[in-house]
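Below is one structure, written out as structure tokens, with a few remarks after it.
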Amino acid sequence: MQAAVLRRIFRFGPLIFAVGFLTPLAAQLIKAAGATPPFGMSPLMTGFMLAMLIAIPAQIRGRWV
């Protein structure tokens, strides 16, 4: 039972990694650089968009590289 649940969770590993690690990292980099996000978005939302641009192809292909 637990193995099946973990298998289902880890299937979405790239998306979980992007939301949990890449999104805040990108937001902090945007703030540190003093860059203004486009369309009046917050740095966190811009970081989320950048993280998803990286993670969705990784999720579809099944690998990061």
What side-chain donor-acceptor pairs closer than 3.5 Å can you find for residues 32-45, not counting sequence neighbours?
{"from": "S42", "atom 1": "OG", "to": "M45", "atom 2": "N", "distance (Å)": "3.2"}

Quiz item: Does CZ belonging to R61 count more than 12 external heavy atoms closer than 6.0 Å?
Solution: yes

Quiz item: Using a side-chain heavy atom cutoff under 4.5 Å and only I, L, V, M, F, W and Y, what cluster partners does F10 have?
Solution: L6

Would you give me the side-chain donor-acceptor pairs under 3.5 Å for residues 51-58, sequence neighbours excluded?
none

Name each donor-acceptor pair under 3.5 Å that joins a side chain in residues 13-24 to protein atoms two or more places apart or in another chain, with its distance.
{"from": "T23", "atom 1": "OG1", "to": "A18", "atom 2": "O", "distance (Å)": "2.9"}

